[in-house]
Amino acid sequence: MLEQIEFTTKSILEKTNQFKPQFGIILGTGLGGLVNEIKTDYAIPYKDIPNFPVSTVEGHSGQLIFGELGGKKVMAMQGRFHFYEGYNMQQVTFPVRVMKALGINTLIVSNASGGMNPSFEVGEIMIINDHINLFPTNPLIGKNINELGPRFPDMSEAYKKSYVELGKKIAKENNIKVSEGVYAGLSGPCFETPAEYRYIWRIGADVVGMSTVPEVIVAKHGGMDCFGISIVTDLGVEGVVQNVSHEEVQHIAKQQEPKMTLIVKEFVRLCND
Ligand code: HPA
């Protein structure tokens with residue numbers, strides 16, 4: 001894996017004339033519009049990046065964007081790799097390894113989720129303050145590569161507290177209602193049954209989705225700090241669980257996109273890490 005990371009990193013540096021980003025952003029559902037805010041210097045389709053998988057799911061086109069956002073140099077993943085697509089955990093998290101190798105120390109992740117917390121509404125924006133890994137596996141399983149991080153990485157602050165505070169401050173100053181809470185990540189691709197929502201709520205999660213957790217685990221393994229933000233696109237609240245479709249998830253996420261975009265842009269501008 002080390003050789004692959006090195007090879008991919010070298011190839012990207014050549015294609016971008018040695019562009020060194022400071023922030024890595026994974027543009028999940030609802031943050032696609034952020035690309036329009038990035039003053040793009042380079043865009044590389046995943047198919048032109050050695051060792052990169054190609055993303056398959058509808059609504060996620062695949063390329064890496066290098067440019068400027070909020071006065072800082074960023075690298076953004078337009079389209080991420082999901083475990084449910086059939087990629088293994090190493091493939092899902094490979095881009096995060098490459099981010100680290102490019103010198104990035106702050107990872108920003110976004111996603112869409114189902115909300116179990118009864119105080120949440122459809123369209124709620126939640127800043128992630130912790131997660132629960134309900135995937136059937138973990139990207140760090142296997143022989144540890146000491147050059148990449150420790151065997152037993154600390155996860156006591158998976159989502160950096162000062163980042164959560166900064167996110168809340170930005171939201172407040174811009175009159176955007178946000179809450180904070182715990183994201184449970186599981187494999188999908190089924191949405192949850194009412195009993196599963198009830199279970200996930202009872203074990204301590206506020207929202208549930210099919211991404212983010214693997215990437216954050218790998219980021220923490222590599223010593224990076226993470227900021228996560230989620231759009232609640234449907235509710236898994238006891239008694240009000242309704243039919244949910246991918247189209248609806250996309251529709252609600254799209255509605256909230258300007259707010260998500262503003263928060264992330266301001267976050268990058270104001271974060272001095
Ligand atoms: N469950 C899992 N993932 C999701 C959901 C959900 O209810 N909504 C959007 N992504």
Side-chain angles (χ1 to χ4, degrees), residues 25-34 55-61 77-87 89 92-93 108-137 139 158-159 178-217 228-261 263-264:
I25 309 172
I26 301 177
L27 302 171
T29 310
L31 207 56
L34 189 72
S55 117
T56 64
V57 78
E58 202 186 317
H60 302 263
S61 52
M77 285 181 71
Q78 191 177 17
R80 64 142 62 92
F81 305 107
H82 298 88
F83 188 65
Y84 62 73
E85 293 176 88
Y87 302 116
M89 282 291 186
V92 168
T93 57
I108 300 169
V109 281
S110 71
N111 59 55
S113 61
M116 285 92 54
N117 185 325
S119 73
F120 286 1
E121 297 167 354
V122 167
E124 187 99 18
I125 294 176
M126 189 193 89
I127 294 174
I128 304 172
N129 63 18
D130 208 347
H131 76 215
I132 299 175
N133 181 17
L134 294 180
F135 283 85
T137 182
Y159 301 81
V178 293
S179 36
E180 76 176 274
V182 176
Y183 175 90
L186 41 64
S187 75
C190 302
F191 290 115
E192 291 67 36
T193 64
E196 287 166 345
Y197 282 126
R198 190 161 61 234
Y199 160 74
I200 301 161
W201 166 242
R202 285 189 184 169
I203 64 169
D206 297 283
V207 301
V208 59
M210 305 173 196
S211 66
T212 303
V213 167
E215 292 108 314
V216 167
I217 288 173
I229 186 161
S230 186
I231 305 181
V232 178
T233 55
D234 52 274
L235 296 178
V237 176
E238 213 162 351
V240 301
V241 177
Q242 278 176 346
N243 188 311
V244 48
S245 67
H246 182 62
E247 291 67 33
E248 200 174 299
V249 166
Q250 297 285 331
H251 174 71
I252 301 291
K254 192 89 201 156
Q255 275 182 354
Q256 297 299 70
E257 200 168 274
K259 292 181 199 165
M260 292 280 278
T261 300
I263 292 171
V264 171

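Ligands are counted one by one from 1 in listed order, and the atoms in each one are counted from 1 as well. Counting from 1, the numbers follow the sequence of the chain as shown.
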Tell me the protein heavy atom at minimum distance from [atom], and give that distance in Å.
| atom | value |
| --- | --- |
| atom 5 (C) of ligand 1 | G114 N, 3.3 Å |
| atom 10 (N) of ligand 1 | A112 O, 3.4 Å |
| atom 3 (N) of ligand 1 | G209 CA, 3.4 Å |

Report, in ascending order of atom number, the atoms of ligand 1 lying under 4.0 Å from any heavy atom of [X].
| X | value |
| --- | --- |
| S113 | 5 (C), 8 (N), 9 (C), 10 (N) |
| Y197 | 6 (C), 7 (O) |
| T233 | 8 (N), 9 (C) |
| M210 | 2 (C), 3 (N) |

Does OH in Y199 sit with more than 12 non-hydrogen atoms of other residues, nucleotides or ligands closer than 6.0 Å? no

Is a side-chain donor or acceptor of [X] paired with a backbone partner of [Y] at a separation under 3.5 angstrom?
| X | Y | value |
| --- | --- | --- |
| E180 | I127 | no |
| S187 | Y84 | no |
| Y183 | S211 | yes |
| E248 | S245 | no |

The answer for which part of D234 has a heavy atom under 4.0 Å from ligand 1 is side chain

Any heavy atom of Y84 under 4.0 Å from ligand 1? The part involved is neither

I132 vs V182, side chain to side chain contact (heavy atoms under 4.5 Å, CB included): CA-CA, chis, key distance, verdict: CA-CA 7 Å; I132 299 175; V182 176; 4.0 Å; yes

Out of M116, E192, H246, the nearest non-hydrogen contact to atom 2 (C) of ligand 1 is supplied by E192

For H251 and E247: C-alpha separation, side-chain torsions, deciding distance, then whether side-chain hydrogen bond (donor to acceptor under 3.5 Å, both in side chains) applies.
CA-CA 6 Å; H251 174 71; E247 291 67 33; over 6 Å; no

